[in-house]
Each structure stands twice: as C-alpha cells, then as structure tokens.
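Chain identifiers are assigned alphabetically (A, B, ...) following the order of the sequence lines, protein sequences preceding nucleic acid strands; residue numbering begins at 1 within each chain.
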Amino acid sequence: MLDIKLIREDPERVRSNLARRDDPEILRMFDELIEYDKSWRKYFAETNELRSQRNRITEEIAKLKKQGLDVSEKLKEAANIPARIKEIESKMQEYREKMDFILMRLPNLMDDSVPFGKDENDNVVIRTWGEIRTFDFKVKDHIDLALDLDLVDIERAAKVSGARFYYLKGDLVKLNFALIKYGLDFMTERGFTPFLPPYMMKRKILEGAVSLADFQDTIYKVEGEDLFLIATSEHALLGLHSDEILDGNRLPLRYCGVSPCFRKEAGAHGRDTKGIFRVHQFEKVEQFVFCKPEESPREHELLIKNAEEFFQSLKLPYRVVNVCSGDLGTVAAKKYDLEVWLPGQGKYREMVSCSNCTSYQAVRSNIRFRDKPNEPTKYVHTLNSTLVATERAMVAILENYQQEDGSIIVPNVLIPYMNGQDSIRSVSK
RNA sequence: GCCGGGAUACCCUAGCCUGGUAGGGGGCUGGCUUGCUAAGCCCGUGUCCAGCAAUGGACUCGGGGGUUCAAAUCCCCCUCCCGGCGCCA
C-alpha cells in the first residue's frame, strides 16, 4: 500500500511513477483517491471543530456541577452536537472506505531501473552463469526420470488429492530434506535467523503481505475459520513484526523461513501440468529482510547474490533477469528472477524470485522503525527472496545430473546431507 | 470445550465498584544546575488534521458497537494472554 502521506506531499511524483504501469485504470483510481482525500480532510476538520466545542461545554458542565450550580442551560447548548458529529462522521467513514478500497488496489511505485515491458518475454537478462551440459544420449525430462527410478507417484496423488499433487518416494524424499537442511545451514552461516512459521494465518495479517487478487488466485482458505494457508513463509515472516516499531539500531533484520507453501495456481490452467514443477504444495527455504529505506537496494543485491551462490554450489547453470514492468506484479518495486537451465525442457525456468518491496508491505502491515525513542517513526523496507524451492530445485537436479543409465548423480554439496550417498539409482526389486 | 483472572503510552503500574483534565515509577531524549566511581531539577515522549513556522485542535486505555452533555470507568459483542479442568501427538 502506498503511504497516503507521500501522496499528499508529492502527488505528481506518485502519479508519474504509476503512469509507467501503462494502465489507465490505475491513473483513474489515483485521481479519484486525491478527490476523496480532499473531501475526507474537509469533513475531518468539521468534526474536529464540533468535538472541540463539545469538549469545551462538557468541561464547563463538570465545573458547574462541582460548584452545585444549574447546568440545564449548558445541556441545552450541547444537546444537538452529538447528532451532528455522527452525521459528518458517517460521511467521513464513507470516504475513508472509498480511499481504502483504492489504496488496497494501487500497486507499488516502481524502481527507476525496472525495464518497460508487457510480459515475461520482455524481462532483461542481466547475467548468466555456468555451462549448459551437452549430452551424448537422449535426455529425459524430470517426470520420466522420476517415474523410471520410482521416485514419485503422481497418479495415486491425483486419486487422493487431485491434479498438481504428488507423493515423493524413496531417495527423492531424502534429497528433499537434504536440500532443506543444506539451505538452512547455508543461510545461518550467513547470519540469517531461521524460523519455522505458522502455516496458517489470519486474513488481516495476510492482507499486509499480498495483493487482493492473490486471495482469489493463490491463497487457500480454511473453511469456517478466519485462517488461510500460507503460500510462502514470506507472509508469516512479514506478519511477525506487524504493528511494531522496530529499533533502527538493530536493522537490518535478516530472517530465513522454512515451510511448506500452498498455492491454488488458479491462473495457470494448462501450464506445466505434468510432474512436480508447478504444484499446489511445495517446500521452500526463504530469505526475508526488514531494513531502513536507504539500505534496501544493497539488501536486494545481497539476497540475489545468496541465491546465486546457492545454485552455483549445486553447479546448476542459470541466468538472472530483471523483471519488466508488465511482469512485476503489485507488491514489488523491483524484482530479479533466477532461472535455471532445464535440459528436459531446453529452457531456462524460474527457480528464485527476489523482490524489493520497499515500504509497500510495511505500510499495509504498519511496520515502522526509529533510531531513538523520541524520533518520528518511518516505515521500514521489506525484501524477500527464494533461497530454494525444493521441488523445483529437484526438477533441476534430476534433469541436469541425469546419466545415460537413467541414474542421478547427487551434487557434491548434498552428499553429506544424504549420509554419503552419491547417486540415486533404481533399486532392484 | 468449560470455569476463573487479565490486556492502560517504549516498559511496569494506579484509576474501574461510585462516569467529569489518564496519575505515578522506570527508560529514553533535550535543556539547566552542582561537580570525585556521579547526582539533582525541568521540558518532552504515540496517531491524525491545519499551518512556512511558532502553534492550535482532535484522537488514543486490546478491537467493535451502545447509553450519556461527557466513558479507561456503565451495557452488549469479539480477539488475544495467564491459571485451573477436560481432551490430546
């Protein structure tokens, strides 16, 4: 959510930034917001004046009563003030609701470095790493590899839970836990505090983290409760400090969340329908930072660097793209995606999404900081990035580490986490 | 799920029965004074609106509604925390 104070101070700057979204509806809402705010402030001033009158009379009544004097004159004077306040208040409420409606729907201001573009095809590649392996045999995709090695059961998952679910089996379960534990160690070595968050959260807290459209398209609701399943630990880590004033001297706070992620994938019909690449449930180790505004560009680079070093350590070839305006979404001011080469698809595919959300989530979640107790508060900046979404990372490992005999080499850094196991091969039955 | 006790500013706490300026302590901040491991005193401490500013006004006692000229205080609903009982991996 944009800070209404910033909009009041410099509406032109906000407007011209929103204009880069190339969406006339956004500008229309913005202009409406300005008008509503004017009305709201007018009514606010009126009630303020009425309350002031009422408080004065009330005080006089108290004084007269103490002296045992007659107050009926004063009571008459005060009689119709409450009704007038109520009347104007209800108008204020009306404008406040209209403003909130728009504020909840306006996107974040974009960083100047965000490239203009329509969709993901316009994202700009900023670097590539690693060599794409050449195969002298016919490569399989992760589905064939996993089925041939009996590492997944997707048909029975469909019977039990429906499409986009899976059972992991055997060594793939071990590999999953190895990736999680390796990811956790990787982050704690870099000073990130690990968290295992609640997997469900209240609507109010979740609204602080995601756009309203996400409730429709990605978030699962628990029936009969004010609870939603987290789509990433990012949501829960942000909520951790909602309505708090943080000590500026302790920023940045660098956190790392590990949790399952639940997603409806409602807008993805027909895309990646096979295997475990795009699924309703997966595990993820997530990076999350609360920092001062001036620190967020630096922290953003740190997060993508961590993710890159993680995938470098797995020796998986990747590229980093600067996500364009049309693909950026509502919340982020700037976003990098890290895409790993998948031999089975012959494409780079998204493994990591690394966002600087500036103050957008902090305003919604009311998370501020100050260096000294008497200073005015400011909103923090928040950033989040995947370190590793393990099911997707396993797709990359299966396809990149496949051998001619159908077995899979375990990446070196994971072997200790697999109790010394260095390959995954079919068990003779 | 049931019974009881709670939630007051950055922290602790009084006030609630009996409605009438939210009081005290700690912390922090700025200022002043006195000067031996420092002490004392004073202003300030959250949010919003108007104003260039000084400042003025309003709001704020877990949240929402109600009664009243006036609500931390009375009434109704809800949330969370603590204790006990019940259930339980």
Practice item. Take atom CH2 of A:W40 and atom C1' of B:U47, then tell me their distance rounded to the nearest Å. Key: 11 Å
Check your understanding: Separation of A:Q53 atom CD from B:C59 atom P, in whole Å?
Key -> 13 Å
Check your understanding: When rounded to the nearest Å, what value does the distance between C1' atoms of B:C81 and B:G62 take?
Key -> 10 Å
**Study point:** Atom pair distance, as rounded to whole Å: NZ in A:K204 and P in B:G62
**Key:** 16 Å
Practice item. Would you kindly give the CD-to-C1' distance between A:E244 and B:U47, to the nearest whole Å? Key: 18 Å
Distance-only donor-acceptor hits, side chain of residues 406-418 of chain A, under 3.5 Å, sequence neighbours excluded:
{"residue": "A:S407", "atom": "OG", "partner": "A:D405", "partner atom": "OD1", "Å": "2.7"}
{"residue": "A:Y417", "atom": "OH", "partner": "A:D185", "partner atom": "OD2", "Å": "2.6"}

**Study point:** Sugar-phosphate only, base, or nothing, as touched by A:R368 at under 4.0 Å among non-hydrogen atoms
**Key:** sugar-phosphate
Practice item. Assign A:N55 to base, sugar-phosphate, or nothing according to its heavy-atom contacts below 4.0 angstrom with the strands shown. Key: sugar-phosphate
**Study point:** side chain to side chain contact (heavy atoms under 4.5 Å, CB included) partner of A:L328, the single match among A:N123, A:V114, A:N322
**Key:** A:V114
Exercise for review: For A:S296 and A:H381, work out which heavy atoms get closest and say how close.
Suggested key: OG-ND1, 2.9 Å
Practice item. For A:D327 and A:V323, indicate whether the former's side chain and the latter's backbone hold a donor-acceptor pair under 3.5 Å. Key: no
Practice item. Measure the distance from CZ on A:F44 to P on B:C59 and round it to the nearest whole Å. Key: 9 Å
Review point. Touch check for A:I57, heavy atoms < 4.0 angstrom, all strands: base, sugar-phosphate only, or nothing?
Key: nothing
Check your understanding: What does A:T47 touch in the nucleic acid at a heavy-atom separation under 4.0 angstrom: a base, only the sugar-phosphate, or nothing?
Key -> nothing
Practice item. Please tell me which of A:T58 and A:I4 maps to the more 5' nucleotide of RNA chain B, matching each residue to the nucleotide holding its nearest heavy atom. Key: A:T58
Practice item. Under 4.0 Å between any heavy atoms, over every strand shown, what does A:K5 touch: base, sugar-phosphate, or nothing? Just pick one. Key: sugar-phosphate
Point to revise | Separation of B:C59 P from A:L50 CG (nearest whole Å) | key: 11 Å
Practice item. Taking atom NZ of A:K274 as the centre, report whether more than 12 heavy atoms of other residues, nucleotides or ligands fall under 6.0 Å from it. Key: no
**Study point:** Where A:R21 and A:N108 come nearest, the two heavy atoms and their spacing
**Key:** NH2-O, 2.9 Å
Check your understanding: Quick one: A:I61 CD1 to B:U21 P, roughly how many Å, whole number?
Key -> 13 Å
Point to revise | Near-strand residues of residues 81-106 of chain A, defined as heavy-atom separation under 4.0 angstrom from RNA chain B | key: A:P82, A:K86
Can you name the atoms? Protein N/O to nucleotides 50-56 of chain B N/O, anything below 3.5 Å, with the distance.
{"residue": "B:A50", "atom": "OP1", "partner": "A:R41", "partner atom": "NH1", "Å": "2.5"}

